[in-house]
Every structure is written in structure tokens, then in C-alpha cells.
Amino acid sequence: MQLFKFGQNYFNSKKMNSALQQDLNDFENILEKAKQQAIGFLNDLENIPTSKKETIDTNRELNQSGLGSLAVLEEFNNRLVPLMVASPGPRYWGFVTGGSTPASIAGDWLASIYDQNTQAVASQGGNSALIEFETIHLLLQLLKLPKSFLGGFVTGATMSNFTCLGVARQWFGKQFGKDFAKNGISEPINILTATPHSSSIKSLSMLGIGSQNYTTIKTTSGNREAVDIQDLEKNIKKLDGKPFILISSAGTVNTADFDDFESISKLREQYNFWWHIDAAFGGFAAVSEKYKHFVKGWEEADSITIDCHKWLNVPYENAFYLIKEQHTSLQIETFQNSNAPYLGNPLENFNYLNVLPENSRRLRALPVWFSLLAYGKEGFQDIIEKSIALALHFGNMLIEDKVFELLAPIRLNNVCFTLKGNHNQEKVSEFLIQLNNTGKVFMTPTVYQNRKGIRASFVNWRTTENDIRIVIDEMKEVFSKI
Ligand SMILES: *Cc1c(COP(=O)(O)O)cnc(C)c1O
């Protein structure tokens, strides 16, 4: 009774909070202003610096009553926008950083607006997981992969590697009749890999396997990061018939090198292993007739990691995993959330929360769906081939300049280079700091074969030859001053 009265009194005496009410009345105006803001940023991307020195005092007090969105937008403009760098712009060449196409932005916005919780396909409160199925199906067509892969969306390639290696861990236990997901790891897990991305190692740590518990296989001779198949087989033989997990690479970050997937496929005929491929960006080689040879044979893998916020040019956070359908029960054993009785039996009712790390998720497939339909196979083939052409062009300009040298051949879209000559090694870091400080370009440092180097990665759909010219001029200028 008391409780009921409280409710009545509450609604009699109170209206909606005034800031919320005002925003509700202003909805259209708020979205319109946000849109104008977006257009301003996107149209000016080429001129916005790729690095900023501005900072903020992060101890801002929370106001008692709300300011309303329009006032907040103003504060955002004054205080936070100065922190923003042109990372979706054409000269942000650090890491492997994609931009965002109009279609991907529209899809991403609408994912927020529709705000679906992408879990189920049946009568569990929505059918938006069907959009995720359809998008994965479109991606398989783009990448020329068979339908025997099932996939889903996660935040990035790190979480995709985690998801795939989590299922691999469960598979490994099963080879000994054990259920690691239920009972913990009770057998040392054998992992073989040549040039793993740091995020795979991080995944081994998160999965309780241990970030040091892997065997490093030699790379092929010459200036390569690909696994040496003979050394791989030698190490397999040392395991004396025991199962193992192979983490292989389709596109290493320094030199975009690829393991030889056809040879690895042949090894599968003789040995028992889970084959994972980290193809975060390199998988997109499949889109081009010219470069698809790099991934020949990859369809035989058990699991594949691919990022969308890199070469697909959709906004963060967006990646997917592909895992062979035959492993779905292992995947459910690893990620099932079925101890919540209202969610039903995971084997009967498909629900994404039983096959990947997160429970509630946004409709991450939507920006990808928009992009794939908007630009089609040809659109992405053009982005991929243009990026590679730009990388080669930049490489040529560097060589011609005599001040720089390439540390590795340019196989795909990454250029790994340094200042020419060992005497310049101590200047590399200072050169890069000063170059990045110009705000005209952003690149990241690396070490390759014990030499300090710099990486430039071409991923953004908006980069042009003119950007290369601008950057080469900056580089000469900065070098002349150090
Ligand atoms: C970028 C990258 C990752 C990590 O991806 P995130 O999206 O940053 O989590 C993993 N592997 C490779 C090869 C990458 O290039």
C-alpha cells in the first residue's frame, strides 16, 4: 500500500525532468546541429591536423541540473573538438587506420538510432541478428570464402582473435576428452606461430593459456616474416603426434607478409591441429584478382579474424570472426550464457550471446551492410588496389629521394622504411616525432630486423597521389632540420 501511494504521489507532483523535456522538444534541432557539425568535420578532413598538442583539465565538475544537448554541443565544440585529430583523414598512416565512407557513417548512425540489441533470431525480442547473418554472407562473397564459415561481429581484431582462439582452446581440450570451458585448462596447450600479431599474444594471456606459452617458428629466409614450412614441420614432429594450435598470418603489420596457406593446407592432411589465420587487414587481398594469390588456400582454416574498421573503411569498433560451422558446438561450449534460464537452450535457439564474448551488443553489422551494398565488389576492389598502388608510389618516391631506404619490399599496403644508412639510426625517432608534430601526416615507429624504422600504412579510401606529394615535401623539410 505504502509503495502504491509513493508511485501515485510521484506522478502527480512531477513532470519529466526539464532538461530531458527540453531535449525531447528540440530533438530535430539537436540532430540537425549534430549533422551540421559532422559535415563540417568531414568536409574539412584534409586540413585538420593529424596530431594535436591541446589538452583538457579532465576534472570537470558534473553540473547539478542538465545543460541540454545544444549547450553541450557548444561545450563539445569548445573543449573537446580541439583534441580531435584527423584519424579518418587521408594522411593518417599510422597503425593500420581506416577511414569511414558515407555509407558506413549512415549505417553507423542508424545503428545508434535503431539501437537494437543484436542477440537472437527468434521471438526473443527482435530479429536483428538476421541482419548480421546476411552481412556475414555478403562478406563471404566479397572475400570469396565458402558458406561453411559462420561469423559474427566483435569490436576489433583483438576480440576476434580472442574469440577464435577461445574455441581453439576448447577444441584442444576435446582432443584429450576434456572440457576446458567447464573445468579449466588441465593440459599444456601447444601453440605454434611465426610472426603473431601482439593481440594474439594478448589473447593467449586473456584465455589463461599464457602469453609466453608458444613456440616461435622460423620465418622463411630472405627479408620475410612468413612461416618457414620446413621448420614448422620439424616442430610439429617434435610434438610426437600431440595436437596443437597454429596461429598464422595473412598480412603482418610491418611488411604485410603472408604465410603459405597452400602448404599449411597440405600439412593438415597429416597432422591434427586447429588452424587460425589473423587476416585483420590482409584478408582483403582476396578482393582483388591481382592480389588474391596471397590468400590462396585460406578457406581450409578453422577460424579467421578480419577487421572492418581498417580496410573496409567503417568507423570503430568493427570486426568479425569466421569459424567453421562444424565447430559450432565447441563455440557454444566456450561462450554459452545459458545459465540464465530465461534464455533457453543454446543448442535449440540460436542466440549470439552464446557464441561470442559479449552479451548485449549494438547492431555492428549495419555499417558494414550499408558499405557492401553501396560500393559493391568493385568499390572495394578499387579501394584495395588504389591503396596498394599508393604504397608502391610512396615507396618509389622514398627510394628516389636518397635520404630514405626501404626496410622490406612492399608486398601490399604497408611501407616499412628508415633513414638511409646506419649512421642515421639514432635520428629515426627524432625525425618521426618532428614529422608527426607537423600535423600533416601521422606514421608509427617500428623495429624491423633490429633496425629502427617507420611504418606507413595505406588504408584510407580518400588518400590520393597529392597526399603523397605533400608528405614527401614535409619529410624532406623535417630531415633537413634534424
Ligand atoms: C590491427 C590488427 C590487429 C588488432 O586489431 P584491433 O582492431 O586493433 O583490435 C590484429 N591483427 C592484425 C594483423 C592487425 O593488423
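Position 1 is the first residue of the sequence; numbering continues from there. Just so you know, ligand 1 is whichever comes first in the structure, and atom 1 is the first atom listed for that ligand.
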**Message:** Using the salt bridge (charged side-chain N to carboxylate O under 4.0 Å, His left out) definition, which of the options Asp260, Asp257, Asp259 pairs with Arg224?
**Reply:** Asp257
**Note: Lys386-Glu465 ion pair, threshold 4.0 Å (strictly below)** = no
**Fill in**
Numbered in order shown, the ligand 1 atoms found under 4.0 Å of a heavy atom of Gly251 are 13 (C)
**Spatial distance of atom CG (Leu138) from atom CG (Leu142) [nearest 0.5 Å]** = 9.0 Å
**Request:** Determine, for Asp302 against Lys324, whether the closest basic-nitrogen to carboxylate-oxygen distance falls under 4.0 angstrom.
**Result:** no
**Request:** Please state which part of Met159 comes within less than 4.0 Å of ligand 1, counting heavy atoms only: side chain, backbone, both or neither.
**Result:** neither
**Asked** So which bit of Phe95 gets within less than 4.0 Å of ligand 1, heavy atoms only: side chain, backbone, both or neither?
**Response** neither
**Complete:** Quick note, ring pair (Phe, Tyr, Trp, His ring centres under 6.0 Å) partners involving residues 250-269, not counting sequence neighbours, are Phe258-Phe294, Phe261-Trp275
**Asked** How long is the gap from CG on Asp108 to CG on Asn318, to the nearest 0.5 Å?
**Response** 7.5 Å
**Atom of Asn313, atom of Ile383 and distance for their closest heavy-atom approach** = ND2-CG2, 4.0 Å
**Request:** If a pair satisfies ring pair (Phe, Tyr, Trp, His ring centres under 6.0 Å) and one of its residues is in residues 442-470, list it, with sequence neighbours excluded.
**Result:** Tyr92-Phe442, Trp93-Phe458, Phe394-Phe458
**Request:** Could you list which atoms of ligand 1 come closer than 4.0 Å to a heavy atom of Asp307?
**Result:** 1 (C), 5 (O), 6 (P), 7 (O)
**Asked** Do any nitrogen or oxygen atoms of Gly156 lie less than 3.5 angstrom from nitrogen or oxygen atoms of ligand 1?
**Response** no
**Asked** Which of the numbered atoms in ligand 1 are below 4.0 angstrom from a heavy atom of Phe281?
**Response** 15 (O)
**Asked** Can you find an N/O atom of Asn161 closer than 3.5 Å to an N/O atom of ligand 1?
**Response** no
**Complete:** atom 9 (O) of ligand 1: closest protein heavy atom, distance to 0.1 Å, is Thr158 OG1, 2.6 Å
**Prompt:** With a cut-off of 4.0 Å, which atoms of ligand 1 are near a heavy atom of His309?
**Reply:** 7 (O)
**Prompt:** Nearest to atom 2 (C) of ligand 1, what protein heavy atom do you find, and at what distance?
**Reply:** Lys310 NZ, 2.3 Å
**Item:** Ala319 to ligand 1, any heavy atom closer than 4.0 Å
**Value:** no
**Asked** For atom 6 (P) of ligand 1, what is the nearest protein heavy atom, given as residue, atom name and distance?
**Response** Ala157 N, 3.5 Å
**Request:** Answer yes or no: is there an ion pair linking Glu405 with Arg451, defined by an N-O contact shorter than 4.0 Å?
**Result:** yes
**Request:** Go through ligand 1 atom by atom and flag the ones less than 4.0 Å from a non-hydrogen atom of Asp278.
**Result:** 10 (C), 11 (N), 12 (C), 13 (C)
**Message:** Distance under 4.0 Å to a non-hydrogen atom of Ala280: what atoms of ligand 1 satisfy this?
**Reply:** 2 (C), 11 (N), 12 (C), 13 (C), 14 (C), 15 (O)
**Request:** Between Val253 and ligand 1, find which residue part has any heavy-atom pair under 4.0 Å and reply side chain, backbone, both or neither.
**Result:** side chain
**Request:** Identify whether the distance between the nearest side-chain nitrogen and carboxylate oxygen of Glu333 and Lys174 falls below 4.0 Å.
**Result:** yes
